[in-house]
Amino acid sequence: MQSSTYVWKGSLGFEIQNSWFVAAGIGEYRKRTSALNSLCIVDSNNKRNFYKFNSASFSMEAGFARVGVDSVLKSLAKYRLVKAQASEGNLDDVAPVKYQCKPSASVLPYVGVACLGAILFGYHLGVVNGALDYLSSDLGISGNTVLQGWVVSTLLAGATVGSFTGGSLADKFGRTKTFQLEAIPLAIGAFLCATAQSVQTMLIGRLLCGIGIGISSALVPLYISEISPTEIRGALGSVNQLFICIGILAALVAGLPLAGNPLWWRTMFGIAVVPSFLLALGMALCPESPRWLLQQGKISEAEKAVSTIFGRERVSEVMHGLRAAAQGSSEQEAGWFDLFGSRYWKVVSVGAALFLFQQLAGINAVVYYSTSVFHSAGIASDVAASALVGAANVFGTAIASSLMDKQGRKSLLITSFSGMAASMLLLSLSFTWKVLAPYSGPIAVLGTVLYVLSFSLGAGPVPALLLPEIFASRIRAKAVALSLGMHWASNFIIGLYFLSVVGKFGISKVYLGFACVCILAVSYVAGNVVETKGRSLEEIERALNPSV
């Protein structure tokens with residue numbers, strides 16, 4: 001007599017009162033439970049494990065197969081029942097069943113397209129570094145530190161507006177369409193900057209570019225977090241910061257021909273038009289965020305998006321997780337004032353504080369003005385030194401990507417801010433200790449490189465990754481936008497007044513102030529930031545917002 005062997009290879013199980021209920025293919029076999037006396041589980045390495053049990057341990061309840069062997073069935077949430085026949089005592093004859101699940105790497109092309117926004121973010125931040133002196137001469141504002149500060153900071157003012165706007169646009173039109181919308185001011189702004197014949201046109205172009213990168217700064221980490229598998233979400237989230245660093249480095253490298261061609265600065269700005277068009281075209285081919293689609297009640301479209309991103313085998317599993325997070329949170333999308341209520345303010349304040357510390361610690365002052373600082377320190381090739389800083393930023397962020405899902409977000413933040421404090425203290429001392437005066441040039445480069453490396457290990461990539469993880473789905477887009485608004489507002493103030501403050505107090509005292517901010521940040525992170533590695537967005541949401 002032949003016995004039936006069931007091989008489990010995908011779909012979803014539910015654990016209820018220490019028993020496993022399996023909702024897959026049961027109806028077909030309901031009449032044959034008496035013949036079921038063995039189970040074959042095929043794991044992700046295609047290894048077959050066979051188990052025998054008597055009919056007393058197997059019963060039918062409400063159309064589900066109940067198996068009371070927890071130690072055998074803990075992995076059933078990863079498999080789907082299919083029927084196989086084998087002669088009794090010869091279970092090895094059952095053909096192996098391959099694990100049918102789309103690899104996590106399948107999401108990479110969509111992340112890559114989104115990161116075009118991150119590249120533009122970094123490029124527009126860094127492009128003014130090497131070009132400032134040359135465009136100032138060409139536009140007739142040489143020596144006018146106020147107008148030069150506005151050329152730098154108008155971008156940041158636009159980014160502040162864009163960051164607040166991005167959350168509402170993303171909630172209303174969806175993530176992919178908002179990406180396409182942001183490409184419009186990015187392309188037009190880059191063109192105006194490249195062709196500017198007056199400082200007024202330059203400021204308008206920088207303002208438009210700022211609006212675009214402000215939207216991008218909120219949208220890129222949001223979209224990546226919502227389409228990334230849990231097991232690699234940390235690494236993919238830090239890719240956003242990596243591409244920002246690549247954009248900054250590209251801008252610094254693009255400035256190398258300036259010494260031989262003073263008008264090259266126009267080409268530097270014009271280059272940014274190309275990735276803007278590529279972003280708009282690429283997003284037409286990318287799937288929408290399944291979470292956003294589910295929030296809009298577009299169930300079939302959400303399932304299609306999940307299938308595209310994760311594979312058909314995981315549709316039921318992922319949709320179940322999304323629905324579980326949505327249960328009890330059938331409320332409408334949160335309004336701006338909801339973010340300041342007792343229900344959400346504690347977690348929203350963490351996001352705002354992290355970006356405030358990030359900026360007040362001085363990173364963008366270093367990015368914007370490293371060329372000027374190196375020049376004042378006597379470095380002959382100041383643009384090349386700034387390019388070295390950009391390379392250090394890319395290198396450190398690449399390391400952070402590999403550590404994000406191993407070391408965790410919180411530990412990287414603490415390590416990062418500690419290293420930044422030590423580096424800024426070194427830089428400050430190099431300008432005040434007479435014994436170090438002969439070495440001020442090399443120390444300026446070394447201290448700046450160490451500072452940027454420390455920043456890129458945690459303070460750079462972690463806030464943008466952590467925020468979409470800790471915010472509840474109904475407030476996620478707006479809360480990220482609010483936090484990014486804090487980022488850009490503080491960024492704007494630093495960019496506008498940094499040179500003036502340095503002129504009044506001296507670079508040494510300014511760097512010492514940055515070091516103190518980093519020390520405060522370490523204390524704040526240790527007491528207020530939660531660890532999120534290895535947990536799905538839905539698990540984090542339920543843990544931080546049990547009432548949602």
Side-chain angles (χ1 to χ4, degrees), residues 10-14 23-24 77 101-102 104 106-107 110-111 113-114 166-181 218-233 236-237 283-335 338-339 343-344 347 465 467-481 532 535-548:
S11 197
L12 184 66
F14 304 88
C101 182
K102 203 168 186 176
S104 297
S106 64
V107 78
Y110 315 125
V111 172
V113 173
S168 298
L169 291 174
D171 281 341
K172 183 174 182 178
F173 299 109
R175 304 346 183 192
T176 56
K177 285 185 174 61
T178 304
F179 270 113
Q180 293 174 310
L181 289 173
L219 194 57
V220 174
L222 176 67
Y223 180 71
I224 291 177
S225 71
E226 291 186 341
I227 68 170
S228 296
T230 300
E231 62 271 16
I232 60 171
R233 191 179 65 246
L236 292 182
M283 273 297 152
L285 304 175
C286 290
E288 183 54 80
S289 162
R291 288 176 176 83
W292 181 82
L293 290 170
L294 188 63
Q295 290 169 4
Q296 303 302 309
K298 301 178 180 180
I299 308 300
S300 61
E301 293 180 40
E303 292 176 344
K304 183 179 179 181
V306 169
S307 178
T308 301
I309 297 169
F310 300 105
R312 294 178 60 186
E313 296 293 332
R314 293 189 64 181
V315 171
S316 297
E317 173 192 348
V318 175
M319 289 299 293
H320 173 75
L322 295 176
R323 289 191 180 98
Q327 286 178 358
S329 182
S330 57
E331 307 140 290
Q332 296 179 349
E333 287 295 320
D338 293 333
L339 304 183
R343 180 178 179 182
Y344 294 120
V347 69
L465 167 64
L467 266 57
E469 292 182 328
I470 64 175
F471 293 147
S473 56
R474 72 182 294 260
I475 69 164
R476 187 170 292 142
K478 288 185 175 66
V480 169
T532 60
R535 305 171 74 181
S536 71
L537 295 182
E538 291 70 39
E539 290 171 338
I540 297 167
E541 180 171 340
R542 289 193 293 270
L544 293 177
N545 302 278
S547 62
V548 177

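For clarity, every value in this text was computed on a predicted model and none was experimentally measured. Start at 1 with the first residue, then count along the sequence.
- Residues passing the side-chain hydrogen bond (donor to acceptor under 3.5 Å, both in side chains) test with T176 are E288, sequence neighbours excluded.
- In this structure, F310 CZ and I227 CD1 are separated by 7.5 Å, a value rounded to the nearest 0.5 Å.
- By the side-chain hydrogen bond (donor to acceptor under 3.5 Å, both in side chains) test, S228 is found to be paired with no residue, residues two or more places apart in sequence or in another chain being considered.
- The two residues T178 and L169 have their closest heavy-atom pair at OG1-O, 3.1 Å.
- Side chain of R291 to backbone of E226: a donor-acceptor contact under 3.5 angstrom is found.
- Here P221 pairs with N240, A464, P468 under the side-chain contact (heavy atoms from CB on, under 4.5 Å) rule; sequence neighbours left out.
- Within the 4.5 Å cutoff, no side-chain heavy atoms of P290 are placed close to those of V318.
- Shown are W292, Y110, F179; of these, the ring pair (Phe, Tyr, Trp, His ring centres under 6.0 Å) with Y223 is made only by F179.
- When all heavy atoms of M319 and L294 are compared, the pair lying nearest together is CE-CD1, 4.0 Å.
- Taking the side-chain contact (heavy atoms from CB on, under 4.5 Å) definition, one finds that E301 meets it with L293, K298, sequence neighbours left out.
- For T308 (side chain) and K304 (main-chain N/O), a donor-acceptor pair under 3.5 Å exists by modelled atom type.
- For L181, the side-chain contact (heavy atoms from CB on, under 4.5 Å) criterion is met by F173, not counting sequence neighbours.
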